[in-house]
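Whatever order the structure lists ligands and atoms in, that order sets their numbers, starting from 1. Treat the numbers as computed from the prediction; the structure is a model and nothing was measured. Below, each value reflects all heavy atoms present in this structure, side chains not excepted, and no hydrogens, waters or symmetry copies.
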Amino acid sequence: MKIKFKQAKIGSEPCAALVIGVWAHAKKLSIPENGKLPKICNEFLASNDFKGKTAEIALLYEVEKLPAKRIVLVGLGEKEGYNCERIRLACGAATKNLMRLGVAQFALSAASFLEENLDLSDVCQAAAEGIILASYQFTAYKEVPTDQKSTLDEAVFVFEGKVGKKVEEGVRWGKFVAEAANFARDLQNHPGNYLTPGRLAAAAKAMAMANGLDCKILEKQQMEKLNMGALLGVAKGSQEPPKFIILEHKPSKGKLATVVLVGKGITFDSGGISIKPSDRMEEMKFDMSGGAAVIGTMRAVAQLGMPLHVVGLIPACENLPSGTSMKPGDILRASSGTTVEIVNTDAEGRLILADALHYARRYKPAAVIDLATLTGACVVALGNYASGLFSRDKELAEALKIAGEKSGERVWQLPLWDDYNEDIKSDYADIKNSAGRAGGAITAAAFLGKFTQGYPWAHLDIAGTAWTDQEKGYLSKGGTGVGVRLLVEFLRGR
Ligand code: BES
Ligand code: MN
Ligand code: ZN
């Protein structure tokens, strides 16, 4: 999807469709009163057929009177509470509608999405994100019927005034961030039989090569040397060899603070010997969504040339039952030396993350953030509209909340008091890998906290946000790429 910009009078240029944002209850357009366009639209708005609710769409056809073949009015809602997420929703809705009509290209009045409290650069970024995220289709295994195939490949942002640096910057960010999220969605949507740990590592490596990132893949022998007993314990039940993916963005400029991002890369989670019920087990191909988010974020970081030292760590393996699987009652020794009693083999994410979080220490990081589809309990607590945030570092937690609001990938903090450490004590080992149902998302975070000594750390449980089983605003069914927009915004803030 190409996004261009142009200086021209709105409605004066030939295009297949012209998209204009409209406030709730507006009786006229918020763009200059010259030309035929405002008259046509204002007559329609006076009818009150269109309420201007967020993402509401009206199509007007005025073929003879204007060079635009169609006018797409899209609702922005009330001015109060207007933000970047509304712009994503509105632009996403317009994009999805135009895809259905088989349009190849459209123009958009950027000024109609502007409001005094918003920065033009942010408006352009959000519009680009909404368009690119909404135009995503995953077609690797299924032909889209010809009448539904999207031919949309260009959006032109039209400005009456001069196109400045702010517009260029906003579009550039929006484009790289949304394309990186779509890249993560591709990784998520591939099934487990294709996207094995080996293929995930190969995809990360190819991405790294194409974007000037360093990439190292640790093999099983190296994990053994590093005493990664927790990761190896999970991997043991599968024929697919585990991979430990390391991506590194090293900007040329001097010594910069290091941020380490860690992503859970379980390419399929059957539960292992503590096998899951078969109902919806197929969704567990998405259990590598944290890893996909980290790989996607690293891509954006490289393409944007961010002046930060960023490291991505993705422990990747399958969790399967077999004659070689770990069993309930087994005790594993993680690379930190901590021993873990396995009481439920389905609590595997925290095990592979334990070794990755311990590995992160060698970078002397200023911050470590992990992302994982870690617990069903987090979905019970927050549903599908926010990721769980866990941190003992106030500053880091605040920065993530702010990035969440701005990026539209919201987080909600749950407590991480010392009391929860009691719940993961074991009679036979230092800790156990499951504390049962009560506070399941928190006890999982408390478990991870045992491996994060020496650096500020935050954990994001994305179990409820990583994929969606229904169309959701500018997103479609399947992987959402959650984490990419959030992390890029967080890193930008640093
Ligand atoms: N990958 C799952 C968590 C999950 C479940 C994510 C459903 C999204 C939707 C994780 O590995 C898991 O199985 N967690 C267990 C932990 C329990 C055994 C302590 C869970 O949540 O039931
Ligand atoms: Mn599991
Ligand atoms: Zn899992």
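Using a 4.0 Å cut-off between heavy atoms, K264 contacts ligand 1 through its side chain alone, with no backbone atom that close. Of the heavy atoms in D346, both backbone and side-chain atoms come closer than 4.0 Å to ligand 1. Counting heavy atoms closer than 4.0 Å to ligand 1, residue M288 contributes nothing at all. At a heavy-atom distance under 4.0 Å, no atom of I266 approaches ligand 1. Proximity of F447 to ligand 1, defined as any heavy-atom pair under 4.0 Å, is not found for any part of the residue.
At a cut-off of 2.8 Å, D287 does not coordinate the Mn ion (ligand 2) through any N, O or S atom. Taking 2.8 Å as the criterion, A372 does not count as a coordinating residue of the Zn ion (ligand 3), since none of its N, O or S atoms falls below it.
Salt-bridge check for R410 with E405: failed, with every basic side-chain N at 4.0 Å or more from each acidic carboxylate O.
Nearest to atom 20 (C) of ligand 1 by heavy-atom distance, out of G464, A463, G440, G376, is G376. Compare R350, E283, M284, R437 by their heavy atoms: the one nearest to atom 9 (C) of ligand 1 is in M284.
Between H190 and Y141, the side chains place a donor N or O and an acceptor N or O closer than 3.5 Å (distance only, hydrogens not considered). No hydrogens or angles considered: a donor-acceptor pair under 3.5 Å links the side chains of T375 and D461. In this structure, a donor-acceptor pair under 3.5 Å is present between the side chains of N182 and R185.
Centred on the Zn ion (ligand 3), the angle running from K264 (NZ) to E348 (OE2) is recorded as 90°, rounding to 10°. To the nearest 10 degrees, the Mn ion (ligand 2) sees OD1 of D346 and OD2 of D269 at an angle of 100°.
Shown here, atom 22 (O) of ligand 1 is out of close reach of the protein: none of its heavy atoms lies under 4.0 Å off.
For Y474 and Y136, the ring centers are positioned 6.0 Å apart or more.
Considering just the N/O/S atoms of D287, the one nearest the Zn ion (ligand 3) carries the name OD2. The atom of E348 nearest to the Mn ion (ligand 2) is OE1, with the search restricted to N, O or S atoms.
Heavy-atom separations between V379 and ligand 1 are all 4.0 Å or longer.
Ring geometry for F451 versus F447: interplanar angle of 30 to 60°, hence tilted.
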